[in-house]
Amino acid sequence: MRLSISSPDSQGTGCRSVFGKLVGSVFFGLFLGMGLFFLVMLIGETVRDVATWRWDPTPCTIVSSEVVDSGDDEQPFEASVRYRYAVDGQEHLGDRVSRGANTESDFGKAQRRALRYEQDSETTCYVDPADPSRVVLERSVPWTALMILLPLVFVVIGGGGLFVIWRPARAPADQETVSISQEARGRAGHRVLLVMGLVFVVVGVVVFVAVFMLPMIRLVRAISWPEVPCTVISSTVRSHTSDDGTTYKIDILYEYEYSGRTWRSNRYGFLDVSSSGYAGKKEVVDKYPPGTEGMCWVDPEDPTRAVLDRSFRPTYLLGMLPLIFVLAGGALVAHSRKVARKNRRSADPAVIAEPSGGESVELESSASPAAKFFGIVLVALVWNGIVSVLVWQVIKGWQSGRPDWFLTIFAVPFVLVGLGLAVGIFYFALALANPRPNLVLLPAQPRLGDDLRVEWRFTGRSSRINHLTIVIEGKEEATYQRGTDTHTDTEVFATLGLIDTVNDWEIGKGVAEVFLPEDTMHSFAALHNKIVWSIKVEGEIHRWPDVDDEFPIAVLPLKPEAAR
Amino acid sequence: MTNMLTIRTDGGRTWFRPGEIVEGDVSWLLDTDADDLEIRLFWYTSGKGTRDVEIVDSSRTSVPGQNGNRSFRLQASDGPYSFSGKLITLSWALELVVDPGGVSERLDLVIGPQPIEVQLGRPDGF
């Protein structure tokens, strides 16, 4: 039986001071409170939605159906449908289409809903048997149930944090009575990571589809839509104010004729979302004052759908930002799987019992120059992309003559890190042109007490290297938590020299042998503690990034017959 | 009265070679009846890093009563060796654990090619 797991060591993490506990409690308490609040709200909403499916289907007659002004500035259109129905011989008048708000920011949506219920037509409405005045035309699909996962994450984080802070400390018992092996049972931290990662992925994909994929699909479809004349009825920039500031949206209502009937739409483009930046939207609205005659494009299959501007705009690319959530979620899922695998298996390669064969193996570098380059490009793009929003706010403040000094000073360290990353891109781009070492190891799986043979050969211009050093290095790697940060410390315990030369004819290619001592430690990889062996290749190049590669190797324990 | 747990290896040995069988016996004298007793052979780390623990072999006794004794025979693995470095110490041990209650007794062992744990130093490269 093998069980591998880890737990906090005596170095302990966690805030044990009263102040730390209080601060932590407030922090996690807020998480828990907010999570519970929204959880209760969503559950209540879901229950009420589901309840409409138990209401009695009843025949009803539509009295009137039209799109009206809802009076709401953010969602100004409402499908107003009035209908008659009878319960126990008593006639009632209803006006609710469905539970919840029936207002829309898109005129077309309200129009489509109103068109479903033509005047004097017969349809079915759903009446609450407990209160016949409560009636709807459309029963609600409880989509809100899907959103319950979000506040649940807050509840888990908040509740988990409070539990960790306030759980009773272990009794200060005699060391001999505290079970250590018990810590190998029943830990499942990776499952929390897995759930969080999946939530990130699902939310990221849903938002990505909503704000990028769907607009792009509509954009492509609109290429074949017919062009018709249209007249602007009203045009304005609508604003939405929240704790995060004010956002704006273009709202141009226009009228057009298609298939012998007059229609209305207020769709300007396919990415009609409320966002910051008033001036650009005002500029567009000013081009379409009421009464303006222009052209719009109409969906021939559904004339309630039309658009004034069907061109591709760079702002559409902002819809790809949710992919960052998908990537982050994917990384969490991958990490949780890695942790789970490590928990399931033993601490490889410490217990690998395969005999060391005589065959050689070509080693792979821990990170190729291309991987390093693309890695830093990715980090720099994400970092500078986020910081650019901050910088843009600072620039806008300075341009308006009202600079925000606090924001400006706050932005400085972030900008400096961004510049450092940009310099890093340049450095690693130069390193791409470096000669690259190829190493062959014999035997393929060396054991302690083996003679180890290493062949090296450079591809590219090895003559540019002035000084070459190749060593085998053994090091300890200890990973631990400090507060919320994870740190890894390393300590080299063995350095076995293979070559240290400035001779050109030795640098390009060569062979060296070394004896792996019997009285040292073999490779070992637990979740937080490792013994790592690797071959390090360092080549100095004047006025250029140096060659600096590391090739991990697995050093096995002594041959069983030698160890026993 | 207090709980008394005892672990004894054959010949009082505390050093075993990798892959060797670890044999001995355990005895117990408990305040109350226990459901299970388990003897575990495991390694654990201490030092700077978060602790890792792995149970390599174990043997469980059901309905042990308030007192008794029994022998055990557990198989050590080929690694990892007991070692001590600047950041990490890896130790092997036998542990007798009472369920429920978690009362336990531990006997530290060295498992490796030599009677003492491997000491990690820093030999010169050239």
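Protein chains get the first letters and strands the later ones, always in sequence-line order, with residue 1 at the start of each.
Per-residue counts of heavy-atom pairs under 4.5 Å with chain B were compared for A:V514, A:T490, A:T479; the largest is that of A:T479. When B:V97, B:V118, B:L87 are compared by the number of non-hydrogen pairs under 4.5 Å with chain A, B:L87 comes out ahead.
For the residue pair A:E473/A:S534, the side-chain donor-acceptor check at 3.5 Å is not satisfied. Defined by atom type and a distance below 3.5 Å, a donor-acceptor pair is present between the side-chain atoms of A:E506 and A:T501. For the 3.5 Å distance criterion, the side chains of A:E538 and A:T469 fail to qualify, holding no donor opposite an acceptor. Side-chain contact, A:N529 with B:D52: a donor N or O sits under 3.5 Å from an acceptor N or O.
With a 4.5 Å cut-off on non-hydrogen atoms, A:I531 touches chain B through its side chain but not through its backbone. Proximity to chain A is limited to the side chain of B:L90, based on heavy atoms less than 4.5 angstrom apart. In this structure, chain B has heavy atoms under 4.5 Å from both the backbone and the side chain of A:T520. Neither the backbone nor the side chain of A:T488 comes within contact range of chain B, judged by heavy atoms closer than 4.5 Å.
The salt bridge (Lys or Arg N to Asp or Glu O under 4.0 Å) check on A:D489 picks up B:K48, with sequence neighbours excluded.
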